[in-house]
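Heads up, the thing below is written out as C-alpha cells.
By convention in this document, chain letters (A, B, ...) are assigned in the order of the sequence lines, proteins followed by strands, and residues within each chain are numbered from 1.
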Amino acid sequence: MNHPKSDSKNTKNKTNTQENDNNTSDTNFIRQAIEEDIAANRFDGRVHTRFPPEPSGYLHIGHAKAICISFGIAEDYGGLYNLRFDDSNPITEEHEYVEAIKRDVHWLGFDWEEREFYASDYFETLYEYAVKLIEKEKAYVCDLTPDEMRTYRGTLVAPGKDSPYRNRSVEENLTLFNGMRNGEFPDGSRTLRAKIDMASPNLNMRDPVMYRVLRAPHYRHGTNWCIYPTYDFTHGQSDSIEGVTHSLCDVQFEDHRPLYDWFLESLEIYQPRQIEFARLNLTYTVLGKRKLKVLVEEGHVNGWDDPRLPTLAGMRRRGYTSESIQNFCNRIGVSKADNLIEIGQLEYSIRDDLNRHAPRVMAVLNPVKVIIDNYPEGQVEMLDADNNPEDKDAGTREIPFSREIYIEREDFMEDPPRKFYRLAPGREVRLKHAYYITCENVVKDANTGEIVEIHCTYDPKTRGGWSDDGRRVQGTLHWVSAEHAVDAEVRLYDSLFTEREPENAADGTDWIQFLNPDSLEILGNCKVEPSLVDAPPESRFQFLRIGYFCVDPDTTADKLVFNRTVPLRDSWAKIQKGQK
RNA sequence: AGGGCGGUGGCCAAGCGGUAAGGCACAGGUCUUUGGAACCUGCAUGCGUAGGUUCGAAUCCUACCCGCCCUGCCA
C-alpha cells in the first residue's frame, strides 16, 4: 500500500513546508488540553487517539475532519493512533464498508500500521465486564418492553421511575444474563441495564441499556452472539482496552461523557479522556451517513463514489487530492461552536493544490471550427508548450498545429459587448503557444443560423505567440488541432442541492426536494489535445482557461471520460453579470 | 426538576486582564502568452445584550437573550 509519510505530515504549521503553508491556526482547545495533560504527566505523557467509524456506510468529508483531528494530533505529538471499527450493531454493518473505510483512510494519507481493531472483537471481554457490574450490583436484567421503558424513562423535564426489575438479586441477574447470552429469551424481551439514577437530569444516566437480545448475524462473528452491547457500553471500554489517552468525538456525545466515565470508574479500569468538538457542516450539501445512504439507495446519485457526493470516494473520483482535503481540514480549524463552512472554502483548497501540481493541457469543451485560410494545407507544426508555469520542473511538451483547429464556441462573438477580449470579426487574438490570428469572416448554417466555421488568417511572424513589433493582443485562446484532436466526454458537476442549507430550508420541507436537477451535465463532443490519449484514471489536469479535470474510471480504450473537479475562477463571468 | 454545550466581520477561527491574529469571501490595483496564478491595498472603535469589578475587560462577576444537542433495546 502506498501512503507516503509526507502525506500525513502536513497537519500542522510547524511541519509544513512551503508546499502547504496556509495560515492555519497552530492551536485549538484540544491541543491545549493535550498539552496540559502532557505537562501534568497524565497518561505518562502519552498521546494515543483513535478514529472509530461504524462500518455502515462510506466515509465523508466530515469524517475526514475527525480523522485529521485525531490522527493529525497524534502524529504531531509523537503519539499513536488506532483505526477501530465500532461494530456493535449487526443490523447496519457490512464487510464492504470496512474495506471502503480502510481504503479511504489510507488514501487520505494516514497509516494506522498494525493498530486495526474491532469493537466486536472485545465482545467476550465486554461480557465479563458486564458480569462484573452485575456482581457489584451496578447492573440488572430488565424485562420492560421498549414501550414500557420509554414510559419509565420520564421526559426531558420530568424524572423517570425505577424499573420494577431494578432490585433483582445478583444471583438472579447472573442467571438471567447468562440465559440472554444462551438464547433462552426472544429478541427484545430483556435487556441488561446499568443501575444509575432514574431521576438524573441527564437522560443517558437513567439506567441506560448495556445489552439487548438480538438474533442477527454479525458480519464478523456470524451467529456467535445473540446479545449485543450498546454503543455506550462498548465505546469507553474499547478505548480503555486499547490504551487510548484522548478519545476525540463529536459534541453530540458530550451528554454521554458522564456515562463513559461511570462505566470505566465502576469497572475500575484504565480511563481515557473524552474531548468533544463540533462536527463539520457544509453549504449546498448534506453530510451524515443516513442521508447519504438515502441518496445512494434511492438512486439520486450513482453510487457511493458519485463525484457529486461529499464522500471521500466521491471526492477522489471527482479529482480532489488527499492533500487538499487535509489542508481544508486544517484551515477550517476546530472548535465547539456550530459551524457551516462555505463550499467555496473546499474549492479553494483543491484549486490551491492543483494550481501548483496539475499539468496544463488544452481541451475544447464546446468546439467550433476555425479555418486559417493562409496556413498551408496539409502542413503540421509541433509547438512547444509549458506543462505548468507554476512549476519549472514540469517541463514542456509538443502540440500539433494545423490549418483547421477548434476553439471554444463561447470564445467568439459576432457582436461582442464591451470588455470582451476574445475573437470577433476583424479582431486579432493569440492562440496559446501558437500564433496571432485575425477573424476575417464566418460561415453559418443556412437553416439554423448557427456558426459552423470561422475563417481567420494568421501572422507567420508570431510563432509561439509572440510578436517582435510590440503589437499586443488582448485575448489568448486555447485551441486544439482538428485533425489531431482526441474525442472525449466531459462531465460537469454542479452542487447537489440548490439550497445553501438543504436540511434547514423551510420548516416541514424535505431536504430531498432541494436536489439540484442540473447537478450533472454531460458534454459528449469535446476535443482534447493528443497528449491525453493514454492518461490513466485519476490523473489530473488543468484544462487551460477552463478548470481542473481528472480522468474518470469509466474511460475506455476508445472513449476518454473526464470529470470536472472545479472550474477556474472566472472574472469574465463576474464582469458579464455586472453588465446585465 | 430539565440537563449539556455554544454565541468574536458574509463564512470559519485565534485570543485566556494590557488595548481585536490569520484564512476563505468580497472590493480596488499591479503584473501576466490562462479574464488563471502571483503580488499590493482595503475590509470589527467592535467580541449576543445589559449592568458590575478594574488604571485597563472579548477575556473576571451578575442577570438576561439567542442557537444547537439529549426522551433508540442506533452509533
Side-chain angles (χ1 to χ4, degrees), chain A residues 22-28 32 52-54 56 86-89 91-93 142 144-146 149-150 153-160 187-193 199-206 208-214 227-228 230-232 234-235 249-258 276 278 283 289-290 330-349 351-352 355-356 360 362 385-386 389-390 419-422 430-434 464-466 473-478 542-547 567-575:
Chain A
N22 45 62
N23 292 278
T24 306
S25 170
D26 229 354
T27 184
N28 61 52
Q32 285 179 9
E54 184 193 20
S56 59
D86 220 336
D87 53 358
S88 57
N89 180 8
I91 298 197
T92 53
E93 298 152 7
C142 181
L144 254 24
T145 65
M149 202 180 287
R150 197 174 308 121
R153 187 161 34 234
T155 69
L156 292 178
V157 292
D187 285 8
S189 62
R190 288 187 221 261
T191 57
L192 182 71
R193 295 226 259 164
S200 172
N202 180 347
L203 301 238
N204 294 118
M205 300 299 272
R206 316 239 264 228
V209 171
M210 297 162 58
Y211 271 91
R212 65 266 202 183
V213 179
L214 213 200
I227 57 171
Y228 290 93
T230 56
Y231 164 85
D232 285 308
T234 305
H235 203 90
C249 65
D250 199 303
V251 282
Q252 70 174 123
F253 293 108
E254 256 172 332
D255 286 344
H256 293 247
R257 179 157 26 94
E276 311 84 7
T283 58
K289 245 184 306 200
R290 305 150 310 279
N330 293 151
R331 246 188 287 262
I332 60 174
V334 190
S335 75
K336 299 186 74 157
D338 286 339
N339 62 80
L340 210 215
I341 308 291
E342 291 176 345
I343 196 76
Q345 188 88 231
L346 228 200
E347 294 178 343
Y348 172 83
S349 293
R351 286 195 186 104
D352 183 49
N355 174 52
R356 284 177 282 120
R360 309 293 114 135
M362 293 202 284
D386 289 343
E390 302 293 319
K419 289 189 175 172
F420 181 84
Y421 299 151
R422 289 112 98 140
R430 172 190 296 112
L431 292 177
K432 179 82 176 173
H433 305 307
W466 302 95
V473 291
Q474 286 234 75
T476 299
L477 308 188
H478 60 277
Q542 184 194 100
F543 285 2
L544 225 57
R545 301 210 302 134
I546 305 176
L568 247 32
R569 290 190 53 173
D570 186 354
S571 53
W572 168 236
K574 269 181 201 168
I575 292 170

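- In the interface, the side chain of A:Arg360 is paired with the base of B:rU34 through a donor and an acceptor atom under 3.5 Å apart.
- Closest to the A:Gln252 side chain, of the nucleotides B:rC69, B:rG7, B:rG2, is B:rC69.
- Taking side-chain N and O atoms only, A:Thr476 has no distance below 4.0 Å to OP1 or OP2 of B:rU32.
- Remark: side-chain polar atoms of A:Asp386 are not paired, donor with acceptor, to backbone N or O of A:Pro389 under 3.5 angstrom.
- Using the Watson-Crick or G-U wobble rule with both distances under 3.5 Å, B:rA58 pairs with nothing in any strand shown.
- Partner of A:Thr230 under the side chain to side chain contact (heavy atoms under 4.5 Å, CB included) criterion, out of A:Val209, A:Thr191, A:Leu192: A:Val209 alone.
- When the side-chain nitrogen and oxygen atoms of A:Ser335 are compared with OP1 and OP2 of B:rA13, one or more of them lie within a distance under 4.0 Å.
- A:Asn339 comes within 4.0 angstrom of sugar-phosphate atoms only, judged by non-hydrogen atoms across all strands, and of no base.
- Across the protein-nucleic acid pair, A:Arg351 atom CZ and B:rU34 atom P stand 18 Å apart, rounded to whole Å.
- Base engagement by A:Arg422 is indicated by at least one non-hydrogen atom pair under 4.0 Å involving a base atom.
- The minimum heavy-atom distance between A:Ser88 and A:Tyr228, with the atom names listed, is O-CB, 3.6 Å.
- For the C1' atoms, the distance linking B:rC12 with B:rG6 amounts to 15 Å, nearest Å.
- Across all strands shown, B:rA21 remains unpaired; no Watson-Crick or G-U wobble contact has both distances below 3.5 Å.
- How far OG of A:Ser200 is from CZ of A:Arg206: 6.5 Å, rounded to the nearest 0.5 Å.
- In this structure, A:Asn355 reaches the bases: a heavy-atom distance under 4.0 Å links it to at least one base atom across the strands shown.
- Atoms CD and CZ, from A:Glu390 and A:Arg360 in turn, are 6.0 Å apart once rounded to the nearest 0.5 Å.
- Under the Watson-Crick and G-U wobble criteria, each requiring two contacts below 3.5 Å, nucleotide B:rC68 is paired to B:rG4.
- The C1' atoms of B:rU19 and B:rC55 are separated by 12 Å, rounded to the nearest whole Å.
- Contact annotation for A:Phe420: base contact, defined as any heavy-atom pair under 4.0 Å involving a base atom.
- Whole-Å rounding puts the A:Asp232 CG to B:rC70 P distance at 14 Å.
- With hydrogens and angles ignored, a donor-acceptor pair under 3.5 angstrom links the side chain of A:Glu390 to the base of B:rG36.
- Atom P of nucleotide B:rG4 and atom CG of A:Asp338 are separated by 17 Å, given to the nearest angstrom.
- Atom-to-atom distance recorded for A:Tyr421:OH and A:Arg430:CZ is 14.5 Å, nearest 0.5 angstrom.
- Comparing B:rU34, B:rA75, B:rC70 by their nearest atom to the side chain of A:Ser88 picks out B:rA75.
- Residue A:Tyr421 places none of its side-chain N or O atoms closer than 4.0 Å to OP1 or OP2 of B:rG35.
- Taking only side-chain atoms of A:Lys336, from C-beta outward, the nucleotide of B:rC5, B:rG72, B:rA75 with the closest atom is B:rC5.
- B:rA50 and B:rA14 have their C1' atoms separated by 27 Å, given to the nearest Å.
- Between B:rU71, B:rG23, B:rG35, one nucleotide has an atom nearer to the side chain of A:Arg150 than all others, and that is B:rU71.
- Distance alone, capped at 3.5 Å, is enough to place a donor-acceptor pair between the A:Lys289 side chain and the A:Glu54 backbone.
- Donor-acceptor pairing under 3.5 Å, judged by distance alone, is present between the side chain of A:Asp255 and the base of B:rG3.
- Checking B:rU34, B:rG23, B:rG2 against every side-chain atom of A:Gln542, the shortest atom distance belongs to B:rU34.
- Within the nucleic acid shown, A:Gln32 comes within 4.0 Å of at least one base atom, counting heavy atoms only.
- Of the candidate nucleotides B:rC24, B:rU34, B:rG72, B:rU34 has the atom nearest to the side chain of A:Pro389.
- In this entry B:rA63 has B:rU49 as its Watson-Crick or G-U wobble partner, both defining distances falling under 3.5 Å.
- Ring stacking is absent between A:Tyr231 and B:rA75, as the pair misses the limits of under 5.5 Å between centres and under 30 degrees between planes.
- Comparing the same atom, P, in B:rG23 and in B:rG35 gives a spacing of 26 Å after rounding to whole Å.
- A residue-by-residue look at A:Pro52 and A:Gly344 shows that A:Gly344 has its nearest nucleotide of RNA chain B further toward the 5' end.
- Relative orientation of the A:His256 and A:Phe253 rings is perpendicular, given thresholds of 30° and 60° on the angle between their planes.
- A:Leu144 comes within 4.0 angstrom of a base, heavy atoms only.
- Annotated as anti: B:rG17, whose glycosidic dihedral deviates from 0 by more than 90°.
- Look at the P atom in both B:rC64 and B:rG3: the space between them is 13 Å, to the nearest Å.
- A:Trp572 has its side chain within reach of A:Arg422: a pair of non-hydrogen atoms, C-beta onward, lies under 4.5 Å apart.
- Across all strands shown, B:rA14 forms no Watson-Crick or G-U wobble pair with both distances under 3.5 Å.
- The gap from the P atom of B:rA21 to that of B:rG15 amounts to 14 Å, rounded to the nearest Å.
- Taking atom C1' on both nucleotides, B:rG2 is separated from B:rU45 by 41 Å, rounded to a whole Å.
- Nucleic acid contact class of A:Leu156 (heavy atoms, under 4.0 Å, all strands): base.
- Taking a pair to require two hydrogen-bonding distances under 3.5 Å in either a Watson-Crick or a G-U wobble arrangement, B:rC26 pairs with B:rG42.
- Nearer to the 5' terminus of RNA chain B, by closest-nucleotide assignment, is the contact made by A:Val251 (compared with the other of A:Val251 and A:Cys142).
- A close approach under 4.0 Å does occur between a side-chain nitrogen or oxygen of A:Arg212 and OP1 or OP2 of B:rA75.
- At a threshold of 4.0 angstrom between heavy atoms, the contacts of A:Val473 with the nucleic acid are absent.
- The side chain of A:Val157 has B:rG2 as its nearest neighbour among B:rA25, B:rG36, B:rG2.
- Of the P atoms belonging to B:rC68 and B:rU8, the separation is 15 Å, rounded to the nearest Å.
- Residue contacts shown for A:Arg430 include a base, since a base heavy atom lies under 4.0 Å away.
- For B:rC26, one of the phosphate oxygens OP1 or OP2 lies less than 4.0 angstrom from a side-chain nitrogen or oxygen of A:Arg569.
- Within 4.0 Å (heavy atoms only), A:Thr92 reaches no atom of the nucleic acid at all.
- A:His256 comes within 4.0 angstrom of a base, heavy atoms only.
- Residue contacts for A:Ile341: at a heavy-atom cut-off of 4.0 Å it reaches the sugar-phosphate backbone alone, with no base atom in range.
- Counting non-hydrogen atoms under 4.0 angstrom, A:Gln474 reaches nothing in the nucleic acid.
- Put simply, the side chain of A:Arg212 reaches to within 4.5 Å of the side chain of A:Asn89, judged on heavy atoms.
- Residue A:Glu254 is in sugar-phosphate contact alone, with no base atom involved, counting any heavy-atom pair closer than 4.0 Å across all strands shown.
- Residue A:Arg545 has no polar side-chain atom (N or O) positioned under 4.0 Å from OP1 or OP2 of B:rU32.
- With hydrogens and angles left out, the side chain of A:Glu54 and the base of B:rC74 share no donor-acceptor pair within 3.5 Å.
- Checking B:rA75, B:rG2, B:rU34 against every side-chain atom of A:Phe253, the shortest atom distance belongs to B:rA75.
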